[in-house]
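Notes for the one structure printed next.
The analysis underlying the following values was restricted to heavy atoms, covering all of them including side chains, and did not include hydrogens, waters or symmetry mates.
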Amino acid sequence: AMPLSPPYAFYTFWHWMSVGLPPLLAREKHGYGGVYIIAQGVPFVAETLDLLGIARERLRFNGTTYRVRTMWLPAPMQVGLAYRDNPDIFFLFRYALLDAVSPLPGRKRCYVSRAGAAKRRVRNEDEVRGILAKYNFETLVPETLSVREQIRFMTNVDSTVAPHGAN
């Protein structure tokens, strides 16, 4: 069994996509076929693993006691250093996601709205969106789309404007 780490990577989409998922993909590429212990009640983690073809039977949830014969405790990954020192992990991550969602044609600009979030909202978002519309920015509201839809939406984005914490 392998608990996904670091634990904070379970609870925010950005940390999951940038810290939790890339090392998992590297493990999969190198033949790991065992069980992952993931967070209960965080749908984007299980949805991403499903999107990438990792069977639900291989998932267990934290908050439960398990008896295992062998457990790997992966070292936490520091995002900037991991990608700088291992550029292949970035490309593995990128192409695994692109292959899973069928990229969109063309090019676009994106504004990531936090309209559905309780925190970190842009106070003058209507004004910001009005200005960005003049430059043909499309709006993405992450909370209204599945993980697959969010990733696919971003496959042809050339530039993004987003407040901190906006996926």
Side-chain angles (χ1 to χ4, degrees), residues 1-108 110 112-114 116-117 138-158 160 162 165-167:
M2 184 173 302
L4 296 183
S5 81
Y8 65 79
F10 288 135
Y11 299 104
T12 68
F13 190 76
W14 185 89
H15 285 112
W16 164 242
M17 296 299 280
S18 63
V19 179
L21 187 57
L24 179 143
L25 290 172
R27 290 180 201 108
E28 290 291 308
K29 179 182 179 187
H30 291 285
Y32 180 73
V35 169
Y36 291 107
I37 300 171
I38 67 171
Q40 182 76 30
V42 184
F44 59 78
V45 172
E47 188 180 343
T48 306
L49 297 177
D50 184 53
L51 174 69
L52 294 168
I54 296 172
R56 294 264 174 162
E57 298 81 47
R58 293 180 56 200
L59 306 181
R60 303 295 183 275
F61 298 96
N62 65 349
T64 301
T65 301
Y66 297 102
R67 183 175 279 197
V68 297
R69 285 188 208 134
T70 305
M71 178 176 276
W72 290 274
L73 296 172
M77 181 179 102
Q78 188 176 356
V79 178
L81 293 177
Y83 293 136
R84 185 191 73 210
D85 295 342
N86 303 294
D88 291 344
I89 200 169
F90 172 78
F91 290 106
L92 171 66
F93 172 68
R94 180 174 193 249
Y95 292 114
L97 293 176
L98 289 175
D99 289 348
V101 299
S102 304
L104 295 169
R107 309 295 337 141
K108 69 182 173 222
C110 172
V112 182
S113 172
R114 294 296 291 165
E138 294 182 32
T139 299
L140 167 67
V141 181
E143 296 83 2
T144 65
L145 300 176
S146 69
V147 169
R148 175 185 296 274
E149 292 166 331
Q150 290 179 58
I151 294 168
R152 188 159 194 258
F153 183 96
M154 296 301 291
T155 59
N156 65 350
V157 171
D158 284 329
T160 302
N167 287 16

*asked:* Side chains of Phe61 and Ile38, heavy atoms from C-beta outward: is any pair under 4.5 Å?
replied: yes

*Okay, side chain of Arg58, backbone of Gly33: is any donor-acceptor separation there less than 3.5 Å?*
yes

*asked:* Nearest 0.5 Å, please: how far is OG1 in Thr48 from CD1 in Ile54?
replied: 9.5 Å

*Minimum heavy-atom distance between Gln150 and Leu145, given as atom pair plus value*: NE2-O, 3.3 Å

_Minimum heavy-atom distance Val147-Glu47, with the two atoms named_ = N-OE2, 2.7 Å

_Could you check whether any side-chain heavy atom of Leu24 comes within less than 4.5 Å of a side-chain heavy atom of Leu49, counting everything from C-beta outward?_
yes

*Under 3.5 Å, side chain of Ser113 to main-chain N/O of Val141, donor-acceptor pair present?*
no

*Verify, without hydrogens or angle tests, whether Arg152 (side chain) and Ser102 (backbone) share a donor-acceptor contact under 3.5 angstrom.*
yes

*How far apart are the closest heavy atoms of Leu25 and Ala96, and which atoms are they?*
CD1-CB, 4.1 Å

*In Å and rounded to the nearest 0.5 Å, what is the CZ to CZ distance from Phe90 to Phe93?*
8.0 Å

*Closest non-hydrogen atom pair, Glu149 against Thr144*: OE1-O, 4.5 Å

*Report the distance from atom CG of Leu51 to atom CG of Leu97, rounding to the nearest 0.5 Å.*
7.0 Å

_Minimum side-chain heavy-atom gap Tyr66-Met71 below 4.5 Å_ = no

*Among all residues two or more places apart in sequence or in another chain, which pass the side chain to side chain contact (heavy atoms under 4.5 Å, CB included) test with Thr160?*
Cys110, Val112, Met154, Val157, Ala162

_Residues in salt bridge (charged side-chain N to carboxylate O under 4.0 Å, His left out) contact with Arg67, at least two apart in sequence or another chain_ = none

_When you compare the side chain of Leu21 with that of Leu52, does any pair of heavy atoms fall below 4.5 Å?_
yes

*What distance separates Lys29 NZ from Ile89 CD1, expressed to the nearest 0.5 Å?*
10.0 Å

_Once rounded to the nearest 0.5 Å, what's the spacing between atom NZ of Lys108 and atom CG of Leu140?_
8.5 Å

*Evaluate the side-chain proximity of Met17 to Ile151: yes if any heavy-atom separation is below 4.5 Å, no if none is.*
yes

_Can you confirm whether Tyr36 sits close enough to Arg27 that some side-chain heavy atom of one is under 4.5 Å from a side-chain heavy atom of the other?_
yes

*To the nearest 0.5 Å, what is the distance between CG (Asp99) and CZ (Arg94)?*
10.5 Å

_Expected output: side-chain Asn62 to main-chain Gln40 donor-acceptor under 3.5 Å_ = yes

